[in-house]
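Read the structure below first, then the notes.
In this text the structure is predicted, and so the values were computed from the model without any measurement. Chain letters run A, B, ... following the sequence lines, proteins first and then strands; every chain starts at 1.
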2 protein chains.
Amino acid sequence: MKFNTKTRYALRTMLELALNEENDEGVFQKDIAENQVVSVKYLDHIIASLKAADLVENVGGKKSGYKLTRLAEEISVYDIYRAFEDELAIIDCLLHGGKCPTKHLCVMKDYWTGLNQSIRSNMESMNMKELANRHISVNDK
Amino acid sequence: MKFNTKTRYALRTMLELALNEENDEGVFQKDIAENQVVSVKYLDHIIASLKAADLVENVGGKKSGYKLTRLAEEISVYDIYRAFEDELAIIDCLLHGGKCPTKHLCVMKDYWTGLNQSIRSNMESMNMKELANRHISVNDK
DNA sequence: CTTTTATCCTACCAAATTAGTAGGATAAGT
DNA sequence: ACTTATCCTACTAATTTGGTAGGATAAAAG
């Protein structure tokens, strides 16, 4: 039961962009890599996924910085999770088409469904603006 | 973000034992395997872990059935999870000794800590007696 | 206009984890 | 004596994870 490192790095990347929301020039990939202590090459993959999910864009042409595509307030933790994973399904039988061999009505599936929903709601209700605000209040004395 | 199949099978195994709490002869491994549509050999591993975690025991000698070691009400979903995994830590930096390369105070870690706690509380607050009761009310018309 | 540099894009890969199977020992019941 | 159910240790194929490598592209700097 772990989140993968890509999702974690992506969250921190998005946090940096949220903190620079007002900066029209965006943030350079290489600066993010440096701040997050991750190789530029690895960050390549992470940013590629974020772009594919339409969460970030580069403001100018090829050599420009990145910005969020929408307000930090409108980007949830779950949005970022979804850039790397399918819909949250903590066990396979929650997936559409997931099969279950038990013959009787499955009380375990009901339990998992509730837990799954609880985790998802938690991620959906936290947004990057709130995280950025918390970061500022904790770090800038 | 998935629970593994061992934990899932273990939950269903424990549910069967909880449903047979009053049955002093216990439940045979081979009957569980048949009901859960899993090979006896694979169930071997699962039951071995449950025994190691002191959640089940066999009532007689070698060829006897299994019973819960304590009341179903006193066994939580998290107890069963813990028979197969270390303490829940949805990201590594939540572990004791987990390191984090960020230089500033980490607001992400606080977020993950909260989510981790929420998941854990959910699993701790559901017990096998409650699941068994639900099973009965859903299946026995 | 050449060199540098930052992003973009596709492969590849080693290590770890997962979800089992296999083989046989042990011991109890018939 | 034979069958059968649990016990115990290995092994393994497939998938996932967490990256690295190489090079293309394009903009900017000199």
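At the phosphate of D:dT20, OP1 or OP2 sits under 4.0 Å from a side-chain N or O atom of A:Ser39. One finds a side-chain N or O of B:Asn58 lying less than 4.0 angstrom from the OP1 or OP2 phosphate oxygen of D:dC7.
Within 6.0 Å of CD on B:Glu73 lie no more than 12 heavy atoms contributed by other residues, nucleotides or ligands.
Atoms CD (A:Glu34) and C1' (C:dA6) sit 14 Å apart, rounded to a whole Å. Atom C1' of nucleotide D:dT15 and atom CG of B:Asn4 are separated by 14 Å, given to the nearest angstrom. Atoms CE (B:Met1) and P (D:dT17) sit 12 Å apart, rounded to a whole Å. Taking atom OH on B:Tyr9 and atom C1' on C:dG20, their separation rounds to 10 Å, with Å as the unit. In this structure, A:Lys6 atom NZ and D:dT16 atom P are separated by 13 Å, rounded to whole Å. When rounded to the nearest whole Å, the span between CD1 of A:Ile32 and C1' of C:dT7 equals 12 Å. Atom-to-atom, OH of A:Tyr42 to C1' of C:dT7 comes out at 18 Å; the value is rounded to the nearest Å. As a whole-Å value, the separation of A:Leu43 CG from C:dC8 C1' is 13 Å.
Looking at A:Gln117 and A:Ser121, their side chains do bring a donor and an acceptor atom within 3.5 Å of each other. For A:Asn127 and A:Glu74, the side-chain atoms include no donor-acceptor pair closer than 3.5 Å. In this model, a donor atom of one side chain and an acceptor atom of the other lie less than 3.5 Å apart for B:Gln29 and B:Asp44.
For the contact set between residues 18-29 of chain B and DNA chain C, defined by any heavy atom under 4.0 Å, there are no members. Using a 4.0 Å cutoff on non-hydrogen atoms, the parts of residues 44-56 of chain B near DNA chain D are B:Asp44, B:His45, B:Lys51, ordered by number.
Taking 4.0 Å as the cut-off between side-chain N and carboxylate O, B:Lys51 and B:Glu57 do not count as a salt-bridged pair. Under 4.0 Å is where a charged nitrogen must lie from a carboxylate oxygen, and between B:Glu34 and B:Lys30 no such pair does.
B:Lys30 comes within 4.0 angstrom of sugar-phosphate atoms only, judged by non-hydrogen atoms across all strands, and of no base.
Cluster annotation: B:Leu11 is not connected to B:Leu71 through the hydrophobic network of ILVMFWY side chains, with a link wherever side-chain heavy atoms come within less than 4.5 Å. B:Met14 and A:Ile90 fall within the same hydrophobic cluster, defined by Ile, Leu, Val, Met, Phe, Trp and Tyr side-chain heavy atoms under 4.5 Å apart, directly or through other members.
Between A:Tyr78 and A:Tyr81, the ring-plane angle classifies as parallel under the 30° and 60° cut-offs.
Judged by distance alone, with hydrogens and angles left aside, A:Lys41 brings a side-chain donor or acceptor within reach of the base of D:dG22, the pair sitting under 3.5 Å.
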